[in-house]
2 protein chains.
Amino acid sequence: MCAAKKHATATRPGRIKLADVAAASGVHYSTVSRVLRPGSKGRISDVVAEHVRTVAQELGYQPNTIAASMRTKSTRSIGLIVHDMSDPVYPPILNAIEAVLSPEGFVVLVGNTGYDIEVEMNIINKMASRLVDGIFVATTRLEDPIVARCQDLGIPLVSVLRQTQTEETPAVVNDCLGGMQTLTRQVLTSGHRDIAVILAPQNLSTARERWWGIRHTLTEHGIVLPDHRIAFVERMSADEGLEATKALLTADDQLPDAIICVNDLVAIGAIRACREEGLKIPGDISISGYNDIPLVDMIDPPLTTVRMRLDKIGKAAGELMLAHLGSPKLPAQTIRIDAELVLRKSLQHLKR
Amino acid sequence: MCAAKKHATATRPGRIKLADVAAASGVHYSTVSRVLRPGSKGRISDVVAEHVRTVAQELGYQPNTIAASMRTKSTRSIGLIVHDMSDPVYPPILNAIEAVLSPEGFVVLVGNTGYDIEVEMNIINKMASRLVDGIFVATTRLEDPIVARCQDLGIPLVSVLRQTQTEETPAVVNDCLGGMQTLTRQVLTSGHRDIAVILAPQNLSTARERWWGIRHTLTEHGIVLPDHRIAFVERMSADEGLEATKALLTADDQLPDAIICVNDLVAIGAIRACREEGLKIPGDISISGYNDIPLVDMIDPPLTTVRMRLDKIGKAAGELMLAHLGSPKLPAQTIRIDAELVLRKSLQHLKR
DNA sequence: TTGTACGCGTTATCAC
DNA sequence: GTGATAACGCGTACAA
């Protein structure tokens, strides 16, 4: 016992290793390894197994996962790449992914790109260096060098929320097309005809699908948006939403009936802009978002939006990753999770 | 060239290793190691160094961090333990921590406890198995078995947001005592005297300090809260805030002038409860929160609260961790970051 | 300045 | 059923 302890402190920081518990139980350390790892080849007599287990317990043995990874080539770690964890869409996804993977012994490494593609590439390389077993990418562009890089490196990748142009990447996304169609139909049902939109860069599948959803529905009703009713934000933030809205409001003598925003944060900016201009919502103008992030039901006015089931998306992504880790040659599939319209006060029937 | 490639594919997934680039550049692999790692012992002739570097580049060599960790006993990874990443206080902290540590080559492992202390202990053990260099704990209790366990394991720990009873843990916290004193003084200045509070479990330093801040300020003004003006939540959520508020509102014939809530989420619940009861805020009753989470400036009514500089807290925590990793025997210190009162409509002067 | 040789803690594959 | 032993890829003291 004293011997074991002494040996332990002889190594770096008093860490117990297989050899220590082997010495203390009087068996070879390969035997200990077999006992402690379920699913090992040779069977062990119950007596020895029990003995070894208690000794390991007593000594407080913690397996060294790093050393194991060295042999097995599997680190049981996976990366998650997001632009900015403060964006409220990401945490529920992280939680759901972790809930699925953690019981399987995985750990999640988070990488924040800060919207910088160079940073993003560095993160990928860093994660590759760390031999992650797989990577979730929530920043996917339609043509994405990051995705290409992962394929080069042979790292299994699951795209979350967004999809690539070719759809050759395993992905779990929200049905933005359907969601935005439903929303737009509701806007029309409410009597609005002079509609403005705030869109995001069309190299993102989400932004593109949402725009298509709007345009398709409007076209069905014989409406074509003039250029001055279309604004773009570079990033989907409240600040840019505010700027874009101000531009829209001054683009024509007439105010639009409604502004359909690409997401909730942009809609928040739109509401701020309208307030600054002294406009009543929904009296003077209706506004809608997308995402149903926390507290948009509490703001003034409560925001009409489309709810994405982020928990479902994260869960499906986690399961998809497990499937791909299990059978590496699984064909890519895109899983679409339904969206749901959430009607609140910011969108109301036009009274004129 | 063909030889190198063949060798590479002989190992697992075509991964290039030191030996491969050594073979391709005609030097020994220890030389390659020295070239590629700045701060290695022996100096290398510039010619060789340059040559090796280009060869490594061409082959797309990615160092195997796992193997390196095996030697160096340092994984350059650190854990971050939170209850639930969806709580909006955590993401800014994660971001700031990552911003500080990432340039130093660290990666952040996130662990969600789901408010379950058993899960929490498993996470610690798992992280210990992965040889994390340090752990940030944002779930600290005044007496915390997790913290004790980390000390046993010899893992450097930095407590974030909260502190232990003895203050023997390196920690970065918000000055909740000062923040709540300032807020409470403002409540009194506004003319409120019949005050109710919603508190959280007193085994958390934040909850205790906030309560002390309230009580101390009230006592200074000769006010003692009767029991029926005090409610508790088990978790600081909107749902529990709503329940607690309903209990408070029915505890006496008279309504309180104001409800001071332990944090914003609880205050959100309080606002909902008041709405359900048909009470006007701040006309009938004033409400305050703590944290200044996103969008509480946009809700109806905008919430008076105290702003914690989560970015500053995260940054300081990251730097404190680096300091402790650099000099392991650094004495524990508690860094307090100032709080700032944010006055909004939900708290108004009493008109009677 | 560069090459040699060993060890980090595990797992896998031999023998026995 | 158990023991011995060879990798895994890299870092580094030491030798040359």
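Residue numbers begin at 1 in each chain, while the letters A, B, ... track the order of the sequences.
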### Message
Looking at D/dT12, I'd like to know if its phosphate oxygens (OP1 or OP2) sit under 4.0 Å from a side-chain N or O belonging to B/Arg37.
### Response
yes
### Message
Please pick, from C/dG3, C/dT13, D/dT12, the nucleotide with the shortest atom-to-atom distance to any side-chain atom of B/Val27.
### Response
C/dG3
### Message
Restricting to side-chain hydrogen bond (donor to acceptor under 3.5 Å, both in side chains), what partner residues turn up for B/Asn203, sequence neighbours left out?
### Response
none
### Summary
Among C/dT10, D/dG9, C/dT2, the one nearest any side-chain atom of B/Asn64 is D/dG9
### Summary
Picking from D/dG11, C/dG9, D/dG3, the nucleotide nearest the side-chain atoms of A/Ala67 would be C/dG9
### Message
List the residues meeting side-chain hydrogen bond (donor to acceptor under 3.5 Å, both in side chains) with A/Thr164, not counting sequence neighbours, and say none if there are none.
### Response
A/Thr169
### Message
Angle between the end axes of the helix from C/dT1-D/dA16 to C/dC16-D/dG1, five pairs per end, to the nearest 10 degrees?
### Response
40°
### Message
Which residues pass the side-chain contact (heavy atoms from CB on, under 4.5 Å) test with A/Met70, not counting sequence neighbours?
### Response
B/Ala67, B/Met70
### Task
State which of D/dT12, D/dG3, C/dT2 makes the closest approach to the side chain of B/Ser33.
D/dT12
### Query
Under 3.5 Å, is there an N or O donor on one side and an acceptor on the other linking the side chain of B/Arg71 and the base of C/dG7?
yes
### Query
Does any donor-acceptor pair link the side chain of A/Arg34 with the base of D/dG3 at a separation under 3.5 Å?
yes
### Query
For B/Lys73 and D/dG11, is the shortest distance between a side-chain N/O and OP1 or OP2 below 4.0 Å?
no
### Query
Quick one: side-chain contact (heavy atoms from CB on, under 4.5 Å) partners of B/Arg149, sequence neighbours excluded?
A/Gln62, B/Met121, B/Ile124, B/Asn125, B/Leu153
### Task
Please state whether the phosphate of C/dG9, meaning OP1 or OP2, lies under 4.0 angstrom from any side-chain nitrogen or oxygen of A/Tyr61.
no
### Query
Is any side-chain N or O of B/Thr31 closer than 4.0 Å to OP1 or OP2 of C/dG3?
yes
## Note on the structure
Hits for side-chain hydrogen bond (donor to acceptor under 3.5 Å, both in side chains) against A/Ser205, two or more places apart or cross-chain, chain-then-number order -> none
